[in-house]
Amino acid sequence: MRIDVLTLFPDMFAGPLDVSIVQRARAAGLLDLRVHNLRQWTHDPYHTVDDRPFGGGPGMVLKPEPIFEAVEALAGEETRVVLTSPAGRVFRQAVARDLVRQEHLLIVCGSYEGVDERVRDALVDDELSIGDYILTNGGLPAMVIIDAVTRLLPGALGKDESALDESFSRGLLEYPQYTRPAEFRGLRVPDVLLSGHHAEIALWRAEQARRRTEARRPELLAGREHDDTQRG
Ligand code: JCQ
């Protein structure tokens, strides 16, 4: 899969995508990631990317011309163009599963300044939010999307990682996990996990996951009755 990113802050992308599973996927040729500075598609001496909003008001707006030129240079017939913004539909695991099917993603990083609406109208296939808060720019949302999508690429996870993933992807929060020692500073691991009774352990974990989900994210349980995508 190829992912291009269009950003005003390409330096942000060094680090998070150079480690762990994403780096391994890049090294293995599963992910071809290319980060581009939007200013590369300006033609004036100041490399202007924004301007004042028509109709007045505070702040600046990202100009359409550099974004149009960049998208036209980078996108092909099969490219899905994504804009990151708090006004988008919420990026969830189901959206990651959908995006990973694409041959090519082009992620346009929005900015707190806002983006000329003609970018949305003419270029953007999908406007995505990673949650209800305002960030300074779309770099972090882009990295979140890239991380979540990359680990779904066939071959990106090792055998153990994939197995773990399946057991956690049933629409519930995780059950509690413990490792050695069985007692640490007087805090004991639940007896059932030390018992060796696999059926009992599975039951205990299912119950813990359900209780924890009920307490912290009840809307996940409510949604599940009508949604068989998370159980298969
Ligand atoms: C993305 N959740 C928060 C901020 C406007 C028009 O585009 C904008 C983009 C941003 C940066 O992204 C976010 C965000 N998901 O703040 C304002």
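Quantities reported herein were computed from a predicted structural model and do not represent experimental measurements. Heavy-atom basis, side chains included; hydrogens, waters and symmetry copies ignored. Numbering of ligands and ligand atoms starts at 1, following listing order.
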Region of Pro141 engaging ligand 1 - heavy atom pairs below 4.0 Å: side chain

Looking at Ser129, which atoms of ligand 1 are within less than 4.0 Å of one of its heavy atoms? 2 (N), 15 (N)

Any nitrogen or oxygen of Ile134, main chain or side chain, under 3.5 Å from a nitrogen or oxygen of ligand 1? no

Is Gly131 close to ligand 1, meaning an N/O of one under 3.5 Å from an N/O of the other? yes

Between His104 and Asp4: side-chain donor-acceptor atoms closer than 3.5 Å: yes

Are any of the N or O atoms of Leu135 closer than 3.5 Å to those of ligand 1? yes

Test Glu127 against every option in Leu83, Val108, Val115 by the side-chain contact (heavy atoms from CB on, under 4.5 Å) rule and name the one that passes. Leu83

For ligand 1, the portion of Cys109 having any non-hydrogen atom under 4.0 Å away: neither

Is there a side-chain contact between Ile107 and Leu6 in this structure, where contact means two heavy atoms from C-beta onward sitting under 4.5 Å apart? no

Apply side chain to side chain donor-acceptor pair (under 3.5 Å) to residues Glu69 and His43 and explain how you reach the verdict. CA-CA 11 Å; Glu69 283 194 34; His43 303 288; 2.9 Å; yes

Contact region, Glu117 to ligand 1, non-hydrogen atoms below 4.0 Å, reads neither

Nearest non-hydrogen protein atom to atom 7 (O) of ligand 1, with distance, is Ser85 CB, 3.4 Å

I'd like to check Val81 versus Thr79 (side-chain heavy atoms, cut-off strictly below 4.5 Å). Are they in contact? yes

Which of the numbered atoms in ligand 1 are below 4.0 angstrom from a heavy atom of Thr84? 7 (O), 9 (C)

May I have the step-by-step check of salt bridge (charged side-chain N to carboxylate O under 4.0 Å, His left out) for Arg80 and Asp98, ending in yes or no? CA-CA 11 Å; Arg80 180 118 155 232; Asp98 180 38; 2.8 Å; yes

Go through ligand 1 atom by atom and flag the ones less than 4.0 Å from a non-hydrogen atom of Arg120. 6 (C)

With a heavy-atom distance limit of 4.0 Å, tell me whether Asn137 approaches ligand 1 through its side chain, its backbone, both, or neither. backbone

Output for pair (Trp41 CH2, Glu65 CD), nearest 0.5 Å, gives 15.0 Å

For Gly138, atoms of ligand 1 separated by under 4.0 Å from a heavy atom: 11 (C)

